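Throughout, protein chains are lettered first and strands after them, A, B, ... in sequence-line order, and every chain is numbered starting at 1. For clarity, every value in this text was computed on a predicted model and none was experimentally measured.
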Number of protein chains: 2
Amino acid sequence: MSIKEVAARAGVSVGTVSNVLNRPHAVSAANRERVQQAIDDLGFVRNESARQLRAGRSRFLAAVVLDVANPFFTDVARGAQEAADAAGLVLLLCSSHEDVERERRHLEVLGEQRVTGILLSPVDSSPERLTELLTNRSPVVLVDSQDPGRQTCSVAVDDVHGGRLAVRHLLDAGHRRIAFIGGPNRLQQVRDRLEGARAAVAELEEDAAALTVLETEGLTVEEGRRAGARIAQLPARSRPTAAFCANDLVALGVLQDATARGVRVPQDLALVGYDDIDFAAAAAVPLTSVRQPRHLLGRTAAELLLAEAGASTAHEHQQVVFQPDLVVRLSSRHRRPRR
Amino acid sequence: MSIKEVAARAGVSVGTVSNVLNRPHAVSAANRERVQQAIDDLGFVRNESARQLRAGRSRFLAAVVLDVANPFFTDVARGAQEAADAAGLVLLLCSSHEDVERERRHLEVLGEQRVTGILLSPVDSSPERLTELLTNRSPVVLVDSQDPGRQTCSVAVDDVHGGRLAVRHLLDAGHRRIAFIGGPNRLQQVRDRLEGARAAVAELEEDAAALTVLETEGLTVEEGRRAGARIAQLPARSRPTAAFCANDLVALGVLQDATARGVRVPQDLALVGYDDIDFAAAAAVPLTSVRQPRHLLGRTAAELLLAEAGASTAHEHQQVVFQPDLVVRLSSRHRRPRR
DNA sequence: AGCAAGGCATGAAACGTTTCACAAAGGAGT
DNA sequence: ACTCCTTTGTGAAACGTTTCATGCCTTGCT
């Protein structure tokens, strides 16, 4: 089942078989034919491990994302796969489920595999953790996260701006008690979106507005439901009339809880999500959301990775930032009368 | 950066370093300590390709699914990942996007990698295509699909039964003109669910019911929307009063189209989906759906794979079949008056 | 003291490729 | 007939592990 047996059967040397496989033009037609025949007869399949060992790196591109069940990341992955396909690489998708330990294990295995590059959406993007992550064998591109130290390429969307857009929209609609729902705080996306939300509130010239921050343990539908329950428990006087959720899954959870509880959306509670996943438009109340160029994000990240991996000379790290925009739907379409 | 340099620095032989890595107990404490120090100093990372070459197989488990953007498959993948984790393997997730060519390429690469096993949800499960797929280097377990020839293990849910449950429910509610929406027909899941639907209609003792089959090009929200438009174009006399969709994404698409068109669900059109994804409950009209044990499906498949890969003696292929059940929600909760 | 047994370390072989220096053979130009 | 290319094929080295036969040393037993 190895190249050697193919060579024996075709009556040529192993070097020639290898040439047929890798530079067919350098082999005479007759031999090429004969070798091909032997390969087919024997059902020979190239052993990639051996190739890799020789080449020093594998033909994989990897994406380590926070959660494959989140459509945001599957779209990013799809964009990356497109670029990988074009380069003849295969995309490996790994999900860390927002678990630092699992992420570490994934990166370790990928390092041992000498993958061509890693598209990483880090669970913890504190500077210390980042420098730790970047002591890696393979080039890394951060997705939806940035390294202040610029030791790596990154592709991100301006989450601060996204958060500002969302909350400014709610303020414009007359809301003055607004909840920010999302977490854990360790996620840079969450921190940035919150920062944007705070900025929007601070920019308000007229009367003051209050931002209640509800931290969740993750960005899932389930966590959203829990947060919904927490809002409902607040005293009516101080209860927020609008909520900006750190992603659409959380917003959908809040919406589910509201529906179950008889809280009307948007009249009693206006909602804005983040990511504009397909399901946002299909929700019970179509969801206002901040849209990011997900596909482009993945594609660009993969391309940067390929560029870095292919660079002969020293590579110049790039930080690409895209701008998000707001898609207004029913869930926030209700003007709040001024108090 | 190789084991050799570690050995040199620690003042031992390469064999000893390898032993520290693989059977630490067989090395004296002093040497173990010294080698570990050298590894840390040099930042040595094991080269997995070389290990694989020696071992003859890689430490990957792969899942090739129809579509990573479909929550059904991400849940299956999660179950599989659990089992893989437990066995110290890493799960590779590949998406064929229902494209035969892409599936072929993925399987080829995985074969070249000598992965430990492949969890496959085939794009085309015709017997010819299956036998072609199974001439593979690595053991394969079919997910959500079966091989009549029993040349492989498979883990499936009884889709015929699921289809029957769904349509019987609609018949019980008084519907007599029912649409089946799904495709392409090449997918076994679609064929089985349709077969179940037909069986339910055939079992009807009293008056006859009509089943209109609308084939789609894929199982996506987008295709669902298109199908919704096609239903709307049918003359009112023969227009179905209920639709059973081959999966939830399609049902959500139909629902979106209905909402946009002012068709009331469930009064004008009752809907039943399939898979009971999280978003089904969160939809504009909560969706009645056939629920499958997705997580268990993935887990079981991975375990079978590991068993087969670890089997020293000849392996006995197993066909595991789970039973689905119906989750009734608002989208079908309306009794149709008898004509 | 002699011997068996066990613990440890060693060095070389093997895994299946790719690559590269070299050689043989054929053709063209003089 | 000679040289000089070009085309095509060869065989061996190298990639970084793991494994295994071998042998040394220590220890405990008789």
Problem set entry | Salt bridge B:E48-B:R59, side-chain N to carboxylate O under 4.0 Å | yes
Problem set entry | By ring-ring contact (aromatic ring centres under 6.0 Å, His included) - contacts of A:H317 (at least two apart) | A:H315
Exercise. Charged N to carboxylate O below 4.0 Å: is that the case for A:E108 and A:R104?
Worked result: yes
For this session: Residues of residues 48-60 of chain B with any non-hydrogen atom less than 4.0 angstrom from an atom of DNA chain C: list those, numerically ordered, please.
Result: B:L53, B:R54
For this session: Indicate, with a heavy-atom threshold strictly under 4.0 Å, whether A:S18 touches base, sugar-phosphate, or nothing.
Result: base
Exercise. Among all residues two or more places apart in sequence or in another chain, which pass the side chain to side chain donor-acceptor pair (under 3.5 Å) test with A:Q37?
Worked result: A:D41
For this session: Please report the closest heavy-atom contact between A:E103 and A:P122, naming both atoms and the distance.
Result: OE2-CA, 3.3 Å
Exercise. With sequence neighbours excluded, what pairs up with A:S126 under the side chain to side chain contact (heavy atoms under 4.5 Å, CB included) test?
Worked result: A:D124, A:E128, A:R129
Exercise. B:L66 and B:S121: which non-hydrogen atoms are nearest, and at how many Å?
Worked result: CD2-O, 3.6 Å
If you restrict it to nitrogen or oxygen atoms, what contacts under 3.5 Å exist between nucleotides 6-9 of chain D and the protein, and what is each distance?
residue	atom	partner	partner atom	Å
D:dG9	OP1	A:S28	OG	2.7
D:dG9	OP1	A:N31	ND2	2.4
D:dG9	OP2	A:S28	N	3.0

Exercise. Any salt bridge (charged side-chain N to carboxylate O under 4.0 Å, His left out) pairs touching residues 63-85 of chain B, not counting sequence neighbours?
Worked result: A:D67-B:R78, A:R78-B:D67, A:R102-B:D85, A:R105-B:D85, B:D75-B:R294, B:E82-B:R299
Exercise. Side chain to side chain donor-acceptor pair (under 3.5 Å) with B:E316: which residues, sequence neighbours excluded?
Worked result: none
Seminar exercise, completed: Taken in chain and number order and not counting sequence neighbours, the residues that satisfy side chain to side chain donor-acceptor pair (under 3.5 Å) with A:S95 are A:H97
Problem set entry | Divergence of helical axes at both termini of the helix from C:dA1-D:dT30 to C:dT30-D:dA1 - five pairs an end, 10° steps | 40°
For this session: Classify the nucleic acid contact of A:R23 as base, sugar-phosphate or nothing, counting any heavy atom under 4.0 Å across all strands shown.
Result: sugar-phosphate
For this session: Determine which pairs satisfy salt bridge (charged side-chain N to carboxylate O under 4.0 Å, His left out) with at least one residue from residues 11-30 of chain A, sequence neighbours left out, and list them in order.
Result: none
Problem set entry | From CA spacing to verdict: side-chain hydrogen bond (donor to acceptor under 3.5 Å, both in side chains), B:S58, B:Q113 | CA-CA 7 Å; B:S58 78; B:Q113 284 287 339; 5.1 Å; no
Problem set entry | Contacts of B:A80 that satisfy side chain to side chain contact (heavy atoms under 4.5 Å, CB included) - sequence neighbours left out | B:L91, B:L119, B:A302
For this session: Could you pick out which residue, A:S2 or B:G15, lies toward the 5' side of DNA chain C when each is mapped onto its nearest nucleotide?
Result: B:G15
Problem set entry | Opening and closing nucleotides of DNA chain C in contact with chain B, under 4.0 Å to non-hydrogen atoms | C:dC8 to C:dG16
